[in-house]
Structures are given as C-alpha cells and as structure tokens.
Number of protein chains: 2
Amino acid sequence: MRREFKKNPKVLLIDDNYEHLAGIRELLNLEGTFDVVGIATNVTVGLNLIKKYQPDIVLLDMNMPERDGLQGILEISKLGLDTKVLALSGYDDADLIFRAMKIGAKGYVLKTMASAQLIYAIEEVINGKIYLPLALSSRFFEYFQKSFKEEVAKKEADADEENLLDELTQREEEVLELLTQGITYKGVASKLFISETTVKTHVNNIFQKLQVNDRTQAVLYAINNGFLTKKVRISA
Amino acid sequence: MRREFKKNPKVLLIDDNYEHLAGIRELLNLEGTFDVVGIATNVTVGLNLIKKYQPDIVLLDMNMPERDGLQGILEISKLGLDTKVLALSGYDDADLIFRAMKIGAKGYVLKTMASAQLIYAIEEVINGKIYLPLALSSRFFEYFQKSFKEEVAKKEADADEENLLDELTQREEEVLELLTQGITYKGVASKLFISETTVKTHVNNIFQKLQVNDRTQAVLYAINNGFLTKKVRISA
DNA sequence: CGATTTATCGACCGAATGGTCTATATCTTT
DNA sequence: AAAGATATAGACCATTCGGTCGATAAATCG
C-alpha cells in the first residue's frame with residue numbers, strides 16, 4: 001500500500017472560466033495535500049459531482065451566468081451533506097459578500113489573492129473555521145452596519161415618538177387583539193363575555209385613539225407599530 | 001510653539017475597573033501618539049466627558065453593571081458626533097460581539113490581547129476602518145450564520161409550500177393591494193375605474209382563493225405571506 | 001368628596017360588507 | 001371550434017360595521 005496515511009481532503013471546483021478552473025486544480029495538485037475530485041463549469045453539473053464524490057469543500061465561483069453563485073450555495077446546502085462552500089469572486093462586492101456569508105458560505109476569497117492565501121483559506125474552512133480575509137471582512141462589516149443603521153435609527157425614533165397604542169386601555173388592547181384576528185363584533189362580545197354594544201364602544205374609542213376609520217386600518221396600524229410583537233421585543 | 005505638528009487623536013476610556021483604566025492610559029501615554037483626554041468608570045460620566053472633549057475614539061468596556069456597554073454605544077451614537085466606539089471585553093461572547101457590531105461599534109477587542117494589537121486596533125478604527133481580530137470575527141460569523149439559519153430554512157420551506165397568493169390573478173392582486181390599505185369598495189371601484197359590483201366579485205374570488213371570510217383576514221393573510229414585500233423580495 | 005377615567009349597555013340608523021345568482025365580452029388554450 | 005379562465009356588471013338581501021346619543025357603575029385621582 002503506497003497510499004498516504006493521512007487521507008487528503010476532497011476538493012471540488014466550480015467556475016465558468018475553464019482556465020481559472022484548471023489553474024486552481026494545478027495549484028492544488030502541486031500543493032499535494034488536496035485531492036481535486038472534480039471540476040465543473042456550471043452549478044448543475046457541479047451538484048451532480050458533489051452528490052457523487054461528497055467533497056469536503058467546494059470552491060464556488062460567485063460570478064456565473066444563469067444560475068448564480070448564491071443560488072448554488074443554497075442548493076449545495078439543500079443536499080444535506082456537510083460539504084463546506086468557499087466562495088470565489090473576482091470583485092469585493094460588499095452586497096455579494098454579505099449575502100453569501102448570510103446563507104452559509106464558510107469563506108470568501110478573491111481570485112486576485114495570492115496562492116498561499118487561497119491554500120490557507122481552504123485549510124481553515126476544512127478545519128471547520130470560517131475564513132474571511134481582513135480586507136473583505138472590513139467590507140462586510142461596513143455593509144453589515146449600514147444595513148442595520150436604518151433599523152437602529154428607527155428603533156431610536158420609535159422610542160422617542162409616542163406610540164398611539166400606548167393610549168389604549170387594557171380592555172381596548174384586548175379588543176384590538178381580537179380584531180387583529182378578523183373576529184366579528186359578535187364573536188369578540190362572546191369571547192370577552194360582554195355585549196356587542198360594549199364592543200362597539202371600545203372599538204370606537206380605539207379608532208379615535210389610533211386616528212383611523214375602520215378595523216382594517218386599525219389592524220394595519222397595530223401591526224406596523226409592533227402591537228403583536230410588543231411583549232417579545234428585544235432590548236438592543 | 002512647542003506643540004507637535006500633527007495633532008494626536010483624542011482617546012477617551014470608559015471601564016468600571018479603575019486599574020485596567022489606568023493601565024490602558026499608561027500604555028497609550030507611553031506610546032505617545034495618542035492624547036487620553038479623559039477616563040470614566042461609568043457611562044453617565046463618560047457621556048459628559050465625550051460631550052466636553054469630543055474624542056476621536058472611545059474605548060468602551062462592555063461588561064459593566066447598571067447601564068451596560070450596548071446601551072452605552074447607542075447613547076454615544078445618539079450624540080450625533082462622529083466619535084467612534086471600540087468595544088472592550090473580557091470575554092469573547094458571540095452574542096455580545098454580534099450585537100455590539102450591529103449597533104455600530106467600529107471594533108471589538110479582548111482585554112487579554114497584546115498591547116500591540118490594541119494599539120493597532122485603535123489606529124485602524126481612527127483611520128475609519130472597522131477592526132475585528134480574526135479570532136473574534138470567527139466567533140462573530142458563526143453566530144451570524146446561526147442566527148440566519150432559521151430564516152434561510154424558513155425561506156426554503158416557504159418556497160416549497162404553495163402560497164395561496166399565487167392563485168390570484170393580476171386584477172385580484174390589485175384589488176387586494178387596495179384592500180390592504182383599508183380602502184372601501186366604492187373607493188377601490190373609483191381607483192380602478194370599474195363598478196363596485198365588479199370589485200365585490202373580485203373580492204369574493206379573493207376570499208375563496210385565500211380561504212378567508214372577510215377583508216381583515218385577507219389583509220392578515222397577505223401580510224403574513226409577504227404580499228406587500230413581494231416585489232422587493234431578495235432572491236437569496 | 002368631586003372630577004375623571006374606565007367599563008358596561010341599549011336603541012336607532014345609515015353605510016359598508018359579504019353572498020348568491022346570472023350574464024356578457026375577451027382572451028387563451030386545447 | 002369548443003372549453004376554460006378572466007374581467008366586467010346588475011339585482012337582491014342579510015349581516016356587519018361604524019356613528020351617535022344617552023345612561024349606569026366602579027375605580028381612580030387629586
């Protein structure tokens with residue numbers, strides 16, 4: 001038996017640029033510590049190869065026509081194997097990086113990066129880590145914070161501006177909650193053990209306090225102002 | 001004038017551990033390229049100092065009693081100055097890191113890290129970059145992906161299960177969209193230049209397709225099944 | 001204690017809603 | 001050409017909705 005004692009990790013490459021594909025294969029073969037078990041120039045073929053060889057890691061180009069890289073990540077993860085995906089891209093598009101990481105890519109490297117860094121990234125990912133070069137993680141975090149900036153600003157504004165929902169009495173909240181389930185006045189009356197007239201009185205008060213004219217608008221206001229999620233709201 | 005030609009960046013420290021506070025001040029003074037303009041052992045005092053000295057960067061301890069670090073970040077950002085916040089913590093708590101970065105911390109370093117790395121982090125942040133050491137960004141990404149895992153899984157499930165909204169014809173969608181704004185039949189009729197009877201016919205068809213009995217339930221179904229965000233939905 | 005808020009209820013009324021049945025004109029699909 | 005889906009519309013009717021006025025009782029607040 002002339003085999004290595006330590007089995008090499010299986011690597012699969014997907015990239016629509018065949019030259020680049022061949023280049024990486026060559027690089028990894030020279031390195032000698034990886035087995036490139038397959039290459040594909042599109043996701044469809046790649047998926048079949050993954051099913052067949054169950055590689056430890058897939059280097060997946062993000063910038064491909066038709067079925068793009070993001071979709072590819074999702075479909076690979078849908079296979080249910082524990083194949084890791086290392087995203088490859090020619091550009092440091094923050095949005096692309098963000099979305100790729102969000103849906104489960106274990107790393108993201110640029111094609112322009114040095115071979116040594118690519119090797120390192122592959123090793124890290126295979127070892128169960130997540131690897132994003134400093135330059136890219138920087139872009140990622142800018143985008144990440146930007147995408148949450150509105151949310152944070154809104155939360156601050158929400159805290160400042162008085163919520164009309166706070167004007168409601170307990171009983172009115174109960175009525176509103178039932179209204180948001182599309183229950184009729186008669187139904188609300190029987191659920192709360194009060195008369196239909198009383199329900200109507202409460203509803204009228206609710207409308208005035210929320211400054212709306214009908215139940216649909218009241219329900220919309222309630223939803224948009226966190227009435228349903230009120231009790232489960234996060235602090236920061 | 002014996003002043004330096006290049007003005008040193010102003011640094012402010014907030015940490016409830018006074019010894020640690022003094023230690024960092026000493027370190028930065030020795031370094032000679034920073035001006036420590038103030039120190040505070042709680043956020044309240046710190047905020048006043050920030051208002052007074054408008055530092056370029058604040059080193060803010062995350063693990064403080066009472067008003068905690070996260071709240072501190074929010075309040076500093078609320079001041080509207082462009083003071084950057086570098087979070088300090090004794091532990092690599094993924095949740096804390098995630099939330100701190102989410103609400104706008106420009107970096108996050110552990111107290112156990114080497115002085116040189118702290119200096120480097122401060123410099124990076126002052127230069128407008130976001131700095132997260134590899135070890136912490138790794139933790140961050142694990143947490144990040146975990147928190148999106150459910151969302152992704154749900155999105156896949158959503159794609160599988162047929163959405164009753166897809167049964168609607170174009171015209172019915174238009175009608176439903178107006179219904180979700182709480183517009184009356186008469187109003188919908190005039191907006192779509194059709195008779196009220198026709199609106200009612202469409203509405204009836206909508207109810208049957210969505211398996212509901214009234215407009216409130218229809219609106220709720222629409223919202224819960226992404227009707228309003230349908231056109232702006234992200235692909236992956 | 002008097003004033004205010006809150007919760008309850010009745011009666012009356014007009015407008016809006018929802019259901020059903022029928023019917024016509026287009027347009028697509030088989 | 002026949003069948004099916006779609007958009008349009010009228011007639012009729014019961015129910016629901018929303019508004020208004022007034023009224024009682026309990027609780028709270030100053």
Side-chain angles (χ1 to χ4, degrees), chain A residues 161-228 230-231, chain B residues 161-228 230-231:
Chain A
E161 82 174 33
E162 46 172 335
N163 196 329
L164 294 180
L165 288 171
D166 295 337
E167 306 291 317
L168 300 182
T169 68
Q170 271 195 329
R171 201 55 163 170
E172 286 162 356
E173 283 190 3
E174 294 178 53
V175 173
L176 179 55
E177 187 168 344
L178 294 176
L179 283 193
T180 62
Q181 295 168 30
I183 302 178
T184 171
Y185 288 173
K186 205 170 289 183
V188 175
S190 79
K191 286 220 174 202
L192 297 182
F193 304 108
I194 55 181
S195 92
E196 198 179 335
T197 308
T198 307
V199 175
K200 284 164 65 176
T201 306
H202 287 313
V203 170
N204 264 300
N205 292 333
I206 293 171
F207 287 171
Q208 286 185 12
K209 288 182 179 177
L210 300 188
Q211 298 167 22
V212 298
N213 305 308
D214 56 60
R215 62 190 294 146
T216 306
Q217 290 176 358
V219 169
L220 288 174
Y221 184 94
I223 291 176
N224 289 330
N225 292 78
F227 179 70
L228 298 176
K230 208 172 180 182
K231 292 146 197 166
Chain B
E161 81 173 34
E162 46 169 339
N163 195 330
L164 293 180
L165 288 172
D166 295 336
E167 306 291 316
L168 300 182
T169 68
Q170 270 196 330
R171 201 55 163 170
E172 286 163 355
E173 283 191 3
E174 294 178 52
V175 173
L176 179 55
E177 187 168 344
L178 294 177
L179 283 193
T180 62
Q181 294 167 30
I183 301 179
T184 172
Y185 288 173
K186 205 170 288 181
V188 174
S190 78
K191 287 219 173 200
L192 296 183
F193 303 107
I194 54 181
S195 89
E196 198 179 336
T197 308
T198 307
V199 176
K200 284 164 66 176
T201 307
H202 287 312
V203 170
N204 263 302
N205 291 333
I206 292 171
F207 287 171
Q208 285 187 9
K209 289 183 179 178
L210 301 188
Q211 297 168 20
V212 297
N213 305 309
D214 56 58
R215 62 190 294 147
T216 306
Q217 290 176 356
V219 168
L220 288 173
Y221 184 94
I223 291 175
N224 290 329
N225 292 79
F227 179 71
L228 297 177
K230 207 173 180 181
K231 292 147 196 165

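Owing to the predicted nature of the structure, the values given are computational and were not obtained by experimental measurement. Here is how names work: the chains are called A, B, and so on, in the same order as the sequence lines, proteins then strands, and each is numbered from 1.
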Interatomic distance, B:E196 CD vs D:dC12 P [rounded to whole Å]:
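Result: 16 Å.
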
Do [X] and [Y] have side chains that get closer than 4.5 Å, going by heavy atoms?
X: B:I223; Y: B:T180; value: no
X: A:L192; Y: A:R171; value: yes
X: A:V175; Y: A:Y185; value: no

Under 4.0 Å: is that the gap between some side-chain N or O of [X] and OP1 or OP2 of [N]?
X: A:R215; N: D:dT16; value: no
X: A:T184; N: D:dT15; value: no
X: B:T198; N: D:dA9; value: yes
X: B:T197; N: D:dA11; value: no
X: B:Y185; N: C:dA15; value: no
X: A:K200; N: D:dC17; value: no
X: B:K186; N: C:dA15; value: no

Going 5' to 3' through nucleotides 24-30 of chain C, assign each nucleotide B (protein heavy atom under 4.0 Å from a base atom), S (under 4.0 Å only from sugar-phosphate atoms) or - (no protein heavy atom that close).
-------

State, to 0.1 Å, how close [X] and [Y] come at their nearest heavy-atom pair, and which atoms those are.
X: B:A189; Y: B:S195; value: CB-C, 3.8 Å
X: A:E172; Y: A:I206; value: O-CD1, 3.3 Å
X: A:F207; Y: A:D214; value: CZ-C, 3.4 Å

Tell me whether B:Q217 contacts the main-chain N or O of B:N213 through its side chain, where contact means a donor paired with an acceptor under 3.5 Å.
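At least one qualifying donor-acceptor pair exists.
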
B:T184 side chain to B:G187 main-chain N or O, any donor-acceptor pair under 3.5 Å?
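Answer holds: no.
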
Among residues 201-212 of chain A, which residues get a heavy atom nearer than 4.0 Å to DNA chain C?
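Those residues are A:T201, A:H202.
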
